[in-house]
Every structure is written in C-alpha cells, then in structure tokens.
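Presented below is the structure to which this report refers.
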Amino acid sequence: MKFSVRAFLDNPGGAYDPAPIHEFDTDTATEAVIPMVGDYLRWDDSSPTYKVIARHFDYAGKRCAIEVEKTESRWRFD
C-alpha cells in the first residue's frame with residue numbers, strides 16, 4: 001500500500017501550527033519506508049536535523065503525518 005506522507009513541526013503561536021516541512025513530502029512511500037519514531041531526517045548538509053517523535057496513519061485515506069522536532073545534528077561520516 002502506498003501513502004501520501006507529510007512531516008510537521010510544532011509551531012505554537014505561528015500562522016501554521018503544526019507547520020508543514022515540505023522537503024519531506026512524498027506521495028509514493030510504502031509503509032515500510034516511512035521514517036520510524038526515533039529516526040533522524042535531514043534534507044542536505046546545510047539543512048537542520050529533525051527527529052521523528054510520532055507517526056499518525058489514516059489507512060482509509062492512505063495518508064501518514066510525521067511529527068518531528070528540531071534537534072542537534074547527529075550525522076557523522078568519517
């Protein structure tokens with residue numbers, strides 16, 4: 001089954017709460033490749049790092065919302 005996936009960041013008091021992070025939007029993800037809680041996401045080397053804190057599935061609508069929080073970079077390639 002394929003899902004439409006969007007990532008959201010808590011944004012209290014902002015115009016959008018939660019705020020979508022469009023870099024991680026996808027319409028072709030299968031359930032097996034949707035980031036798990038505890039995974040780290042980053043678009044590229046100059047982008048902020050986010051940690052997945054929750055996943056919310058709507059199986060009937062084939063949608064998944066990923067809740068993330070900004071965190072310190074944990075990437076290291078030596």
Side-chain angles (χ1 to χ4, degrees):
M1 180 182 292
K2 296 190 177 200
F3 287 88
S4 176
V5 180
R6 295 193 77 185
F8 294 91
L9 179 66
D10 192 29
N11 188 29
Y16 298 97
D17 186 20
I21 304 173
H22 296 292
E23 298 90 70
F24 304 116
D25 288 355
T26 181
D27 286 328
T28 59
T30 62
E31 186 178 1
V33 298
I34 296 172
M36 299 288 293
V37 172
D39 284 350
Y40 291 89
L41 305 174
R42 184 174 70 178
W43 183 251
D44 61 24
D45 291 342
S46 62
S47 298
T49 300
Y50 301 95
K51 183 177 181 180
V52 177
I53 57 172
R55 300 188 317 167
H56 307 277
F57 284 93
D58 170 12
Y59 281 96
K62 297 181 183 175
R63 297 180 294 184
C64 178
I66 300 172
E67 211 173 322
V68 299
E69 65 184 8
K70 204 174 218 180
T71 187
E72 293 297 316
S73 179
R74 300 180 70 86
W75 300 84
R76 185 175 172 179
F77 298 105
D78 291 338

Problem set entry | Full working for side-chain contact (heavy atoms from CB on, under 4.5 Å) between F8 and I21 | CA-CA 6 Å; F8 294 91; I21 304 173; over 6 Å; no
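Looking at residues two or more places apart in sequence or on another chain, you find no salt bridge (charged side-chain N to carboxylate O under 4.0 Å, His left out) involving D39. In this structure, the side chain to side chain donor-acceptor pair (under 3.5 Å) partners of R63, at least two apart in sequence or on a different chain, are D58. With sequence neighbours left out, D27 forms a side-chain contact (heavy atoms from CB on, under 4.5 Å) with S4. Applying the side chain to side chain donor-acceptor pair (under 3.5 Å) criterion to T30, with sequence neighbours excluded, gives no partner residue. In this structure N11 satisfies the side chain to side chain donor-acceptor pair (under 3.5 Å) test with no other residue, sequence neighbours excluded.
Residues V5 and D25 have side chains not in contact (no heavy-atom distance under 4.5 Å, counting atoms from C-beta outward). Contact check for L41 versus V68: side-chain heavy atoms found under the 4.5 Å cut-off. When side chains are defined from C-beta on, M1 counts as touching K62, because their heavy atoms get closer than 4.5 Å. Inter-residue side-chain proximity for R55 and M36 is flagged as met; some heavy-atom pair is nearer than 4.5 Å.
A donor-acceptor pair is defined here as one N or O able to donate and one able to accept, closer than 3.5 Å; no such pair exists between the side chain of R6 and the backbone of T26.
Taking both residues in full, the closest heavy atoms of L9 and E69 are given as CD1-CA, 3.8 Å, listed atom of the first, atom of the second, then distance. For the residue pair D17 and P12, the shortest heavy atom distance occurs at OD2-CA, 3.5 Å. Closest of all the heavy-atom pairs between K70 and P48 is CE-CB, 3.4 Å.
Listed by first and then second residue, the ring-ring contact (aromatic ring centres under 6.0 Å, His included) pairs that reach into residues 46-65 are F3-F57, F3-Y59, F57-Y59, sequence neighbours excluded.
How far CZ of R42 is from OG1 of T49: 5.0 Å, rounded to the nearest 0.5 Å.
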